[in-house]
Enquirer: 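Quick one: structure below, then a few questions.
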Number of protein chains: 2
Amino acid sequence: MSSSAGSPDSGGIPDIAGNGNGSGQPGTAANGRPLPEATIARLPVYLRALYSLSERGVSTVASDELSAAAGVNSAKLRKDLSHLGSYGIRGVGYDVDYLVYQVSRALGLTQRWPVVIVGGGNLGRALANYGGFVNRGFKIAAILDSDRGLIGRRIGDVAVRHVSDLEDVVAMNKVVIGVIAVPAPAAQGVCDRLVAAGVTSILNFAPLVLKVPDGVDVRKVDLSIELQILAFHARRRSAVRVERVPEDEQVPEEESV
Amino acid sequence: MSSSAGSPDSGGIPDIAGNGNGSGQPGTAANGRPLPEATIARLPVYLRALYSLSERGVSTVASDELSAAAGVNSAKLRKDLSHLGSYGIRGVGYDVDYLVYQVSRALGLTQRWPVVIVGGGNLGRALANYGGFVNRGFKIAAILDSDRGLIGRRIGDVAVRHVSDLEDVVAMNKVVIGVIAVPAPAAQGVCDRLVAAGVTSILNFAPLVLKVPDGVDVRKVDLSIELQILAFHARRRSAVRVERVPEDEQVPEEESV
DNA sequence: CGATGTGAAGCAGTTCACAGCG
DNA sequence: CGCTGTGAACTGCTTCACATCG
């Protein structure tokens, strides 16, 4: 593990709270134990719903409404939030803005993390333009590509730089989060360089399993896997329908593998 | 639920097997119970690893190697595969090509599912060009966009059509899977139209929670949520490092309750 | 012998249902 | 009174460890 990774510039929002998890280790629940992984994965969804409420001027929200907006049931929401501390008001609900702050803090988004995106193709561009939400908590330190024809082209408000600048960009901006949006054959090489440069968190869009040393956190987003999971359920659904409805709607439009 | 959805064209690969799950309901394990959701989510990963082995001419693989390639432990792999049937050879391993077939069949990928992509922006284009793997099991029925400037433009080997063709495309191609790659404000509207047209499986890339009727399956891929989860772990890691820096060997000591 | 397939144990996450509090 | 916060029950997934069999 390299030495260059540090904390990004602090947002400097002070801790207002009294009742909750004000001073513990980051990443731990109010009771001192680590936050459940499943809870962590849902906090961003709650946060988005809360921002949306806040923008509409809603100042207070009950667990029923918030959970509906987030697509989960209310018991789960309450338990998730209770891991952060006791931030609700019984008989009333949650203060929207205060909860935004607490959830942001729990996720570590009171800082803005510099992120480097490797790959300036369609996917890299889509990410860079994702705007709005990505920009809450993140800033794009650079978009890198190996295609010299892309260099200098602006995407969002960042210009594409050559991938040879990778190590410089990471060091100069103290980047700890890297996004890999290159074709599969190039991905492991990019990953190795990111890790060597000090990046310890990687979001991988290339369709392969990256090998990384211990202490490096990889998450993958795989477009085709999601489709395949959908296909599985779709087939089950249609099989059930065919089973039940003896209706000859089968149209074999040939196409072999 | 609408009436137009049907099974896609059948691939027509016959069932070779003897020992396993040859004739049961699709989507059920060898024991007749449904496949665990967690298993379904990993099968595509195994499948990719298997394709890779097959292309390299490997004919047999043991659970250790395959599980390593897929990034899981071997017990999990074996249990997952055992849900499909008993397709391994004790003392030897698994026949790669045969397992490719069995996993494909379990996922419903011996058919090629027509998919409609709504949104011809960077994300839609990235999806359409994802190539290779998406094309195993899927074909793009159409890419739709509301921007008339994009109409006719070819992405991969499909031309962009206007979103007003949505209902026609779904009906003509018996599309059951739709991908939403439009900006958030347009997403719910697109979703409603897809559902009304008969689509029952939706892959949503827009950063909001879609409302759909029962019987419609939505999966979401959220670029910013993944980043936020990474940020959480990154912060915990950096906090721990700062905390512990005066490092000596950790003396095993009592953990307080 | 060596790797699969699988009961059994262990763990994590979800849901229930209600006590507790504003 | 109404909604939060939470023990307790439950469900599902993972891991272990070994009997089984080619």
Side-chain angles (χ1 to χ4, degrees), chain A residues 17-21 28-43 45-46 50 58-96 98-99 102-103 106 229, chain B residues 17-21 28-43 45-46 50 53 58-96 98-99 102-103 106 229 257:
Chain A
N19 49 347
N21 184 20
T28 59
N31 59 15
R33 306 197 45 70
L35 281 180
E37 201 58 39
T39 296
I40 297 163
R42 283 186 295 264
L43 289 179
V45 183
Y46 304 153
L50 285 166
V58 178
S59 66
T60 288
V61 68
S63 63
D64 296 33
E65 308 164 59
L66 183 53
S67 65
V72 304
N73 76 34
S74 65
K76 197 185 278 182
L77 171 76
R78 288 200 304 276
K79 183 146 282 191
D80 283 339
L81 293 182
S82 76
H83 287 123
L84 309 185
S86 190
Y87 298 132
I89 305 158
R90 287 165 199 248
V92 179
Y94 300 89
D95 182 276
V96 171
Y98 185 48
L99 201 50
Q102 288 298 346
V103 174
I229 296 171
Chain B
N19 50 346
N21 185 21
T28 59
N31 59 15
R33 304 198 46 68
L35 281 178
E37 201 60 37
T39 296
I40 297 164
R42 284 185 296 265
L43 290 179
V45 183
Y46 303 154
L50 285 166
L53 289 168
V58 178
S59 66
T60 290
V61 67
S63 64
D64 296 34
E65 308 163 59
L66 182 54
S67 65
V72 305
N73 77 31
S74 65
K76 197 185 280 183
L77 171 76
R78 289 201 302 280
K79 181 143 284 193
D80 283 340
L81 293 182
S82 76
H83 286 123
L84 309 185
S86 190
Y87 298 132
I89 305 159
R90 283 164 200 250
V92 179
Y94 300 88
D95 181 274
V96 172
Y98 185 48
L99 201 51
Q102 288 298 346
V103 174
I229 296 171
V257 186

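Note on naming: letters A, B, ... go to the chains in the order of the sequence lines (proteins, then strands), and numbering restarts at 1 for each one. Predicted, not measured: the structure shown is a model, and the values here were computed from it.
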Enquirer: Could you check whether any side-chain heavy atom of B/Leu43 comes within less than 4.5 Å of a side-chain heavy atom of B/Leu35, counting everything from C-beta outward?
Expert: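 B/Leu43 vs B/Leu35: side chains touch.
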Enquirer: 5' to 3' on DNA chain C, which nucleotides open and close the contacts with chain A (atom under 4.0 Å from a heavy atom)?
Expert: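 Span of nucleotides near chain A: C/dG13 to C/dG22.
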Enquirer: Assess whether side-chain contact (heavy atoms from CB on, under 4.5 Å) is satisfied between B/Asn73 and B/Ser67, documenting all intermediate values.
Expert: CA-CA 6 Å; B/Asn73 77 31; B/Ser67 65; 5.8 Å; no
Enquirer: Over how many whole Å does the gap from A/Leu81 atom CG to D/dT4 atom C1' extend?
Expert: 10 Å
Enquirer: What does nucleotides 9-14 of chain D look like as a protein-contact string, B for base, S for sugar-phosphate only, - for none, at under 4.0 angstrom between heavy atoms?
Expert: ----SS
Enquirer: With a cut-off of less than 4.0 Å, is there a side-chain N or O of A/Ser63 near OP1 or OP2 of D/dT4?
Expert: yes
Enquirer: What integer distance in Å separates A/Leu77:CG from D/dT6:P?
Expert: 14 Å
Enquirer: Once side chain to side chain contact (heavy atoms under 4.5 Å, CB included) is applied, do any residues pair with B/Ala62, and if so which ones, sequence neighbours excluded?
Expert: B/Glu65
Enquirer: Could you pull out the protein-nucleic contacts involving nucleotides 17-22 of chain D (nitrogen or oxygen on both sides, under 3.5 Å)?
Expert:
from, atom 1, to, atom 2, distance (Å)
D/dT20, O2, B/Arg90, NH1, 2.4

Enquirer: Taking five pairs at each end, how big is the angle between the two axes of the helix from C/dC1-D/dG22 to C/dG22-D/dC1, to 10°?
Expert: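 Comparing the first five pairs with the last five, the axes sit 10° apart.
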Enquirer: Between B/Thr60 and B/Ile89, is there a side-chain heavy-atom distance shorter than 4.5 Å?
Expert: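 Sidechains of B/Thr60 and B/Ile89: no contact.
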Enquirer: Which salt bridge (charged side-chain N to carboxylate O under 4.0 Å, His left out) pairs, counting each pair once, include a residue from residues 68-94 of chain B, with sequence neighbours left out?
Expert: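 Applying salt bridge (charged side-chain N to carboxylate O under 4.0 Å, His left out) to every pair that reaches into residues 68-94 of chain B, excluding sequence neighbours, yields B/Arg42-B/Asp80.
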Enquirer: Does the side chain of A/Val96 reach to within under 4.5 Å of the side chain of A/Ser59, using non-hydrogen atoms?
Expert: no
Enquirer: Flag the pair A/Leu66 / A/Leu99 as yes when at least one side-chain heavy-atom distance between them is below 4.5 Å, and no otherwise.
Expert: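 Contact flag for A/Leu66/A/Leu99 side chains = yes.
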Enquirer: With side chains defined as the heavy atoms from C-beta onward, is the minimum distance between B/Tyr46 and B/Leu77 less than 4.5 Å?
Expert: yes
Enquirer: Might you point out which heavy atoms bring A/Ala41 and B/Ile229 nearest each other, and give the distance in Å?
Expert: CA-CD1, 3.7 Å
Enquirer: Return the minimal non-hydrogen interatomic distance between B/Tyr98 and B/Asp95, and the atom names on each side.
Expert: N-OD1, 2.9 Å
Enquirer: How many angstroms lie between CG in A/Leu50 and CD in A/Gln102, if you round to the nearest 0.5 Å?
Expert: 11.5 Å
Enquirer: Establish, with yes or no, whether the OP1 or OP2 oxygen of D/dC3 is under 4.0 angstrom from a side-chain nitrogen or oxygen of A/Tyr87.
Expert: no
